[in-house]
Amino acid sequence: MATARPRSNRPYDVVLFGATGFTGGLTAERLAVDGPDDLRWAIAGRDETKLDAVRERLTRLGKAGASVETLPADVTDDGSLRKLAEQTRVIATTVGPYLEYGEPLVAACADVGTDYADLAGEPEFVDRIWLAHHARAVETGARLVHACGFDSIPHDLGVYFTVLQLPEGVPITVSGYVRAGGTISGGTYHSAVRAFSRARLSAAVAAQRRKAEAQPVGRRVGSLPKRPSRAPDGRGYALPLPTIDPVVVRRSARAVERYGPDFRYGHYALVRSLPTAVGAPLVLGGMLAVSRLPPGRALLLRLRTAGEGPSKEQRARHWFKVRFVGEGGGRRVVTEVSGGDPGYDETAMMLSQSALCLAFDELPETAGQVTTVQAMGDALLSRVQAHGMRFEVVG
């Protein structure tokens with residue numbers, strides 16, 4: 001049953017934490033332009049001078065921007081984060097790496113029943129949050145939604161869209177093939193380097209979660225083979241992509257019966273040239289090895305600066321396409337999700353729309369740590385389509 005939560009007596013509908021950073025600033029601009037005229041919202045952070053500068057910029061962008069307020073909050077001050085969570089219905093945050101800075105804010109939201117959305121593509125962080133705060137969030141009604149950017153909305157919603165084109169009640173397989181032209185954000189890069197350095201620990205935390213987490217009854221969810229292969233159109237190669245995206249997709253499949261009694265998913269990077277297909281795994285393996293040593297990790301982190309990003313003109317040339325091949329009940333369907341700059345512009349749009357969706361839309365009754373499909377499904381799909389992301393049946 002889908003319901004819209006009524007506006008509470010809390011003073012804000014949405015608070016954005018991290019608006020003084022690069023991606024946070026873009027997200028704030030999207031809220032200022034795309035938010036409803038009567039949006040009650042604020043930007044939060046520890047540097048009041050920087051917050052005031054962002055607010056000044058936002059007030060010139062539209063009616064929602066004109067109403068934005070500023071709030072003090074610091075990731076090192078648990079009291080300030082709890083006060084922040086108590087004042088709003090939804091918090092969206094761009095402050096990462098989340099494994100380093102994220103848990104206190106999630107804990108505050110879980111404890112006081114505030115919905116939470118972030119850009120976390122860090123599997124260890126997401127698993128640790130489930131182990132520590134999922135149960136409390138279920139008690140308070142808070143929805144904790146991670147990966148509300150390029151990780152993992154195009155993939156999570158894209159698979160959901162593909163499943164909807166196939167018959168109900170049958171075994172389903174979906175393969176996703178990712179292509180992109182652009183750059184990942186500095187924050188995402190730093191998160192990835194830290195994740196590489198903690199691969200073994202992350203695997204141990206994932207195993208702890210699997211042991212504790214209930215599995216669907218009478219249904220199976222699994223993975224397609226994780227090995228390189230030819231691209232489905234014969235032009236290039238498909239390489240297994242070890243991101244959080246397939247993990248999120250499988251969690252959505254476990255939670256939503258529409259994925260069928262036996263669902264399997266494979267997630268791949270699509271590359272056109274043989275040298276790239278050979279070289280990419282070698283580069284990834286080299287980064288994994290180097291990141292495990294403190295000097296090597298420090299060197300990798302210095303290669304990109306968190307909080308900075310490409311110019312508007314550069315971002316305008318960036319793009320992404322994710323093609324999905326789904327099969328079930330004797331039918332085969334090919335879909336495609338596509339959009340503009342994945343690491344910044346589209347990510348800012350997706351996070352802002354996720355926050356507005358949680359605040360205002362009729363949604364399934366869920367609580368605890370939930371995926372974007374599980375929490376917002378059709379409503380979020382409609383929102384991102386309305387803001388330029390394309391979901392198409394192409395075959």
Side-chain angles (χ1 to χ4, degrees), residues 1-4 138 143 145-148 151-178 210 213-226 232-233 238 241 243-268 321-339 350 353-354 357-358 361-386 389-395:
M1 179 179 179
T3 59
V138 170
R143 295 172 287 201
V145 193
H146 306 285
C148 294
D151 285 330
S152 294
I153 284 177
H155 316 100
D156 197 25
L157 286 182
V159 171
Y160 176 67
F161 176 80
T162 305
V163 166
L164 293 180
Q165 316 307 315
L166 295 168
E168 295 188 48
V170 300
I172 289 174
T173 64
V174 179
S175 299
Y177 302 92
V178 184
R210 284 195 299 271
E213 191 172 17
Q215 300 299 312
V217 177
R219 301 174 57 239
R220 295 188 298 176
V221 174
S223 302
L224 292 175
K226 298 177 182 179
D233 60 3
L241 198 53
T243 61
I244 197 173
D245 307 310
V247 178
V248 172
V249 167
R250 291 194 296 270
R251 286 177 181 152
S252 292
R254 292 187 189 101
V256 180
E257 289 193 7
R258 181 61 178 83
Y259 288 71
D262 188 347
F263 175 84
R264 291 178 295 156
Y265 179 65
H267 193 65
Y268 310 94
K321 292 182 180 180
V322 189
R323 183 157 289 200
F324 299 95
V325 179
E327 297 182 71
R331 185 176 177 193
R332 182 178 186 271
V333 64
V334 182
T335 67
E336 187 171 88
V337 180
S338 59
M350 288 183 273
Q353 289 303 315
S354 294
C357 188
L358 288 169
D361 292 355
E362 292 189 1
L363 301 175
E365 285 291 334
T366 58
Q369 188 188 92
V370 285
T371 67
T372 48
V373 162
Q374 186 182 357
M376 296 175 277
D378 296 325
L380 185 59
L381 178 59
S382 295
R383 279 184 171 273
V384 297
Q385 286 177 303
M389 191 174 295
R390 294 178 294 280
F391 289 71
E392 305 168 286
V393 177
V394 296

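FYI, side chains are in, hydrogens and waters are out, and symmetry mates aren't considered; it's all heavy atoms of this structure.
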> What residues, two or more places apart in sequence or in another chain, satisfy side chain to side chain contact (heavy atoms under 4.5 Å, CB included) together with A255?
Replying inline: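 Listed in chain order: Q374.
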
> Can you list the residues that meet the side chain to side chain contact (heavy atoms under 4.5 Å, CB included) rule with R390, with sequence neighbours excluded?
Replying inline: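 In terms of side chain to side chain contact (heavy atoms under 4.5 Å, CB included), with neighbours along the sequence ignored, R390 is linked to S338, E392.
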
>> Evaluate F263 against V249 for side-chain contact (heavy atoms from CB on, under 4.5 Å), listing each step before the verdict.
In response: CA-CA 10 Å; F263 175 84; V249 167; 4.1 Å; yes

> Are M376 and D361 close enough that some pair of their side-chain heavy atoms sits under 4.5 Å apart?
Replying inline: no

>> Quick one, I244 and H146 - any side-chain contact, counting heavy atoms below 4.5 Å?
In response: no

Write down the atom of [X], the atom of [Y], and the distance for their closest heavy-atom approach.
{"X": "V337", "Y": "G158", "value": "CG2-CA, 3.7 Å"}
{"X": "R219", "Y": "V256", "value": "NH2-O, 3.1 Å"}
{"X": "V170", "Y": "P167", "value": "CG2-O, 3.5 Å"}
{"X": "T371", "Y": "S252", "value": "OG1-OG, 2.7 Å"}
{"X": "Y160", "Y": "G377", "value": "CE2-C, 4.3 Å"}
{"X": "D156", "Y": "Y259", "value": "O-OH, 4.2 Å"}

Taking atom [atom1] of [X] and atom [atom2] of [Y], what is their separation to the nearest 0.5 Å?
{"X": "E213", "Y": "R251", "atom1": "CD", "atom2": "CZ", "answer": "6.0 Å"}
{"X": "S223", "Y": "Y265", "atom1": "OG", "atom2": "OH", "answer": "10.5 Å"}
{"X": "L241", "Y": "H267", "atom1": "CG", "atom2": "NE2", "answer": "4.5 Å"}
{"X": "R258", "Y": "I172", "atom1": "CZ", "atom2": "CD1", "answer": "6.0 Å"}

> So S354 and I153, side-chain contact (heavy atoms from CB on, under 4.5 Å) or not? Walk me through it.
Replying inline: CA-CA 10 Å; S354 294; I153 284 177; 3.5 Å; yes

Report, one line per pair, each donor and acceptor closer than 3.5 Å where one atom sits in a side chain of residues 321-331; sequence neighbours left out.
| unit_1 | atom_1 | unit_2 | atom_2 | d |
| --- | --- | --- | --- | --- |
| R323 | NE | E336 | OE2 | 3.2 |
| R323 | NH2 | E336 | OE2 | 2.9 |
| R331 | NH1 | Q165 | O | 2.5 |

Counting only heavy atoms from other residues, nucleotides and ligands, does the tally under 6.0 Å from [atom1] of [X] exceed 12?
{"X": "E168", "atom1": "CD", "value": "no"}
{"X": "E257", "atom1": "CD", "value": "no"}
{"X": "R383", "atom1": "CZ", "value": "yes"}

>> Set out, in order, the CA-CA distance, both residues' side-chain angles and the distance that settles side-chain contact (heavy atoms from CB on, under 4.5 Å) for M350 and T372, then state yes or no.
In response: CA-CA 11 Å; M350 288 183 273; T372 48; over 6 Å; no

> Can V248 and H155 be said to form a side-chain contact (heavy atoms from CB on, under 4.5 Å), step by step?
Replying inline: CA-CA 9 Å; V248 172; H155 316 100; over 6 Å; no

> Is a donor on one side and an acceptor on the other found under 3.5 Å between the side chain of R143 and the backbone of A375?
Replying inline: no

> In terms of the angle between their ring planes, are F161 and F391 parallel, tilted or perpendicular, with boundaries placed at 30° and 60°?
Replying inline: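 The rings of F161 and F391 stand perpendicular, inter-plane angle above 60°.
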
